Structure formats: C-alpha cells, structure tokens
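Reading through the structure tokens given below for one structure.
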Amino acid sequence: MFGYVRPSLERLSPEERSRFSAVYCGLCRTLGERYGTAARFILNYDFAFLAVLLAEPKAPKAVHHGCIAHPIRGRDHFESSDALALCADCSVILTWWQLCDGVQDHGAVTGMKYRAAAAMLDKAYRKARSLRPEFDRSVEAQLRHLGELERDGCTSMDEAADAFALLLQGIGGEVADPVKRRVLEQMFYHLGRWIYLVDAADDLADDHKSGNYNPLIRRFALESSELTGEARDALVVSMDHSIRLIAAAFELLDFGDWSGIIRSTVYEGLFCVGKAVLEGTFHAAEKPMCGRDEEQL
C-alpha cells in the first residue's frame with residue numbers, strides 16, 4: 001500500500017486522535033507478534049485505516065507499553081484482536097505481492113531493493129498465505145491481470161483501476177458478518193480504485209521520465225508530466241466519484257466509536273490528500289493532518 005489514506009486529525013476530538021494512534025500502534029505490535037520485527041516496517045496509514053474499518057463498533061480499552069520507536073514514554077495501543085489480526089495478515093500478503101510486482105517492473109539494479117525486501121518478508125508471507133488462502137489467490141490473480149493490462153498499454157484508467165479495486169475488495173470478503181461484509185466490500189473496492197488513481201497521479205513525473213506504464217499517460221495521451229485542463233478535471237471527477245461511493249456505503253452501517261475517524265478520513269482526508277498530490281505538495285512521511293474547506297458530498 002502507499003500511505004495515502006489518512007484522517008484529518010484537526011477534525012478529530014482528543015479521544016478520537018488517541019484512538020487512531022492506538023490502532024496504528026496496535027497494528028504495529030500485532031504485525032510484530034504474528035510475523036516478526038521485519039513485518040512492522042510495512043505499517044502505514046492505509047493499513048491503520050483498514051484496521052479501523054474492520055474493528056468492532058465498541059472500541060476496547062487501550063493499554064500502555066514500551067515501544068522501540070518511543071523508548072522513553074512508550075505508547076498506548078490496542079491489544080491484538082480479530083480485526084487487527086485480519087489486517088496484519090492481509091497487509092503482509094498485499095505487501096509481498098507488491099514487492100514481487102516491483103521486482104518485475106524494475107531492472108536488475110533498481111529491482112534489488114524490492115528483491116531484498118521480498119526475501120525478508122518471505123517467511124511472513126508464507127504464514128499469512130496459509131491463514132488467508134482465498135485472499136492470497138485473489139491478490140495474485142488481480143495483480144496478474146493488472147500486469148497484463150500494463151503490458152498491453154491499456155488506455156482505460158477505469159479498467160486498470162478496477163483490477164486494484166477488486167484486489168482490495170477481497171479484504172472485505174474475509175469478514176464473517178454478511179451485512180458488514182457487503183458494506184466493507186463496497187468501501188474497500190472504491191477505496192482501492194481511489195488509491196490506484198491517486199498513486200498514478202503521484203507517480204506521473206517519474207513514470208513519464210522512465211517510460212513505465214501509467215494509466216493517466218495512456219488515457220490522456222500525455223506528452224509531458226503535467227496533468228492540466230480537461231485531463232485533470234476528468235481525473236478529479238473520477239476520484240471524487242469513488243469517495244462519494246465510499247461515503248454512501250459508510251452511511252449504511254453503524255461503525256460506533258470509529259465513526260468520527262472514518263468520517264474525517266472519507267469526508268475530508270481523502271479530498272485533502274488528492275488535492276495535495278495533484279498540486280505536488282504531498283509527502284508520504286507527513287503526519288495525517290490537513291485542513292480544507294468543507295466538501296459537499
């Protein structure tokens with residue numbers, strides 16, 4: 001995943017901020033407990049938000065422990081749960097296959113970092129695959145299909161985005177409750193579509209320079225690395241449409257204690273990140289805080 005999905009912290013209450021932080025730290029600890037220290041390095045805001053969506057409506061009580069990254073004060077975190085375990089398993093599978101994809105997309109030299117990272121995660125991946133075989137098969141199939149589209153130079157950004165959307169939708173399929181599963185499948189699908197498109201916009205300059213496949217370059221026949229005019233407007237409409245569909249699915253289910261975090265992310269955070277990417281001001285390492293005028297969905 002990519003780190004694009006993050007709430008607007010300034011819109012959250014202090015309690016909600018602490019809750020999101022505890023999810024983030026709880027997922028980190030769950031990754032470490034289930035898959036070892038190396039797996040903790042794949043943690044990002046996208047995965048933390050997936051854990052929020054998967055959580056039970058009533059948030060548990062956070063506990064306080066020491067932390068490698070914060071050795072003096074430690075951190076509050078949620079202890080491992082079914083939701084955190086599911087998110088950790090799927091995170092490992094997604095990351096491993098994306099690393100394999102990176103190996104194929106880069107040459108012998110530039111692909112070394114992907115190959116090394118995949119090797120470090122190999123044992124964790126094999127364990128996660130044994131726990132979530134259906135999700136693993138789905139990810140492999142969709143990435144294979146996406147690779148075929150890229151090799152064919154697919155000019156439809158919708159067709160390319162659909163492959164990644166179906167990949168992420170598979171996480172929802174792991175949820176037992178049929179009502180929640182249906183809602184999450186819709187949310188994950190459109191979130192995956194949005195992630196794919198915003199990542200294409202973020203990679204536009206690099207892909208234009210390297211000649212790597214980018215659906216926006218193909219769709220709009222771009223001759224430079226800038227997305228302007230009608231092409232930019234069309235992309236914004238498509239991305240915002242996915243956000244609206246995420247919001248529509250969100251309103252169908254009571255997410256309880258997590259509603260404020262989800263609302264902040266869907267109704268503000270995604271718009272904020274999309275705007276920053278298109279303006280060239282997005283930095284993946286920044287904290288998940290942004291401000292903007294209210295968007296009307």
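Predicted, not measured: the structure shown is a model, and the values here were computed from it. Below, each value reflects all heavy atoms present in this structure, side chains not excepted, and no hydrogens, waters or symmetry copies.
Around the CG atom of Asp82, the shell of radius 6.0 Å holds no more than 12 heavy atoms that belong to other residues, nucleotides or ligands. The 12-atom threshold is exceeded at NE2 of His64, counting heavy atoms of other residues, nucleotides or ligands nearer than 6.0 Å. For Arg34, the CZ atom counts as densely surrounded, since its 6.0 Å shell holds more than 12 non-hydrogen atoms of other residues, nucleotides or ligands. Heavy atoms from other residues, nucleotides or ligands lying under 6.0 Å from CD of Glu33 number more than 12.
A continuous path of hydrophobic side-chain contacts links Phe255 to Ile246 [ILVMFWY only; heavy atoms under 4.5 Å]. Leu54 and Val179 end up in the same hydrophobic cluster when Ile, Leu, Val, Met, Phe, Trp and Tyr side chains are linked at under 4.5 Å. Cluster annotation: Leu43 is not connected to Phe41 through the hydrophobic network of ILVMFWY side chains, with a link wherever side-chain heavy atoms come within less than 4.5 Å. Hydrophobic clustering (ILVMFWY, side-chain heavy atoms < 4.5 Å, transitive): Leu245 and Met187 are in distinct clusters. Residues Leu166 and Leu191 are members of separate hydrophobic clusters, defined by side-chain heavy-atom contacts under 4.5 angstrom among Ile, Leu, Val, Met, Phe, Trp and Tyr.
Distance CG/Leu235 to CG/Leu278: 6.0 Å, rounded to 0.5 Å. One finds the CD atom of Glu15 at 9.5 Å from the CD1 atom of Ile261 (value rounded to the nearest 0.5 Å). Between the CD1 atom in Ile243 and the CZ atom in Phe271 there is a gap of 4.0 Å [rounded to 0.5 Å]. With values rounded to the nearest 0.5 angstrom, Ser8 atom OG is found 6.0 Å from Arg11 atom CZ. The CG atom of Asp207 sits 11.0 Å away from the CZ atom of Arg218 when rounded to the nearest 0.5 Å. From Leu94, atom CG reaches atom CG of Leu143 across 8.0 Å, with rounding to the nearest 0.5 Å.
The closest side-chain donor-acceptor pair between Ser21 and Arg75 falls under 3.5 angstrom. Checking Asn212 against Ser210 by side-chain atom types alone, a donor-acceptor pair falls below 3.5 Å. In this structure, a donor-acceptor pair under 3.5 Å is absent between the side chains of Asp240 and Trp194.
Asn214 contributes a side-chain N or O that, together with a main-chain N or O of Leu216, makes up a donor-acceptor pair within less than 3.5 Å. A donor-acceptor pair is defined here as one N or O able to donate and one able to accept, closer than 3.5 Å; such a pair exists between the side chain of Asp257 and the backbone of Ala59. Without hydrogens or angle criteria, Glu279 side chain to Ala276 main chain gives no donor-acceptor distance under 3.5 Å. Side-chain atoms of Arg132 never come within 3.5 Å of backbone atoms of Asp89 as a donor-acceptor pair (strictly under, hydrogens ignored). A distance-only check finds no donor-acceptor pair linking the side chain of His208 to the backbone of Asp203 [under 3.5 Å]. Not a single donor-acceptor pair under 3.5 Å links the side chain of Arg129 to the backbone N or O of Arg137. A donor-acceptor contact shorter than 3.5 Å links the side chain of Asp46 to the backbone of Tyr4. Here the side chain of Thr95 pairs a donor or acceptor atom with the backbone of Ser91 at under 3.5 angstrom. In this structure, the side chain of Ser238 does not engage the main chain of Ala234 through any donor-acceptor pair within 3.5 Å. With hydrogens and angles ignored, the 3.5 Å screen pairs no side-chain donor or acceptor of Ser138 with any backbone N or O of Glu134.
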Item to check | Stepwise side chain to side chain contact (heavy atoms under 4.5 Å, CB included) check, Arg263 with Phe250 | outcome: CA-CA 8 Å; Arg263 187 173 291 108; Phe250 161 65; 3.8 Å; yes
Next on the checklist: Assess the residue pair Glu148 and Arg144 against the criterion (salt bridge (Lys or Arg N to Asp or Glu O under 4.0 Å)); give the C-alpha distance rounded to whole Å, side-chain angles, the decisive distance to 0.1 Å, and a yes or no.
Outcome noted: CA-CA 6 Å; Glu148 292 171 353; Arg144 185 187 302 116; 5.7 Å; no
Checklist entry - Run the ring pair (Phe, Tyr, Trp, His ring centres under 6.0 Å) check on Phe20 and Phe49 step by step: do they pass? => result CA-CA 8 Å; Phe20 181 73; Phe49 183 66; 8.0 Å; no
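Residues Asp162 and Arg193 are not paired through a salt bridge, judged by the lack of any N-O separation under 4.0 Å between the basic side chain and the carboxylate. A salt bridge is absent between Arg181 and Asp177: the closest approach of a Lys/Arg side-chain nitrogen to an acidic carboxylate oxygen does not fall below 4.0 angstrom.
If you look at Tyr125 and Tyr35, their ring centroids are not closer than 6.0 Å.
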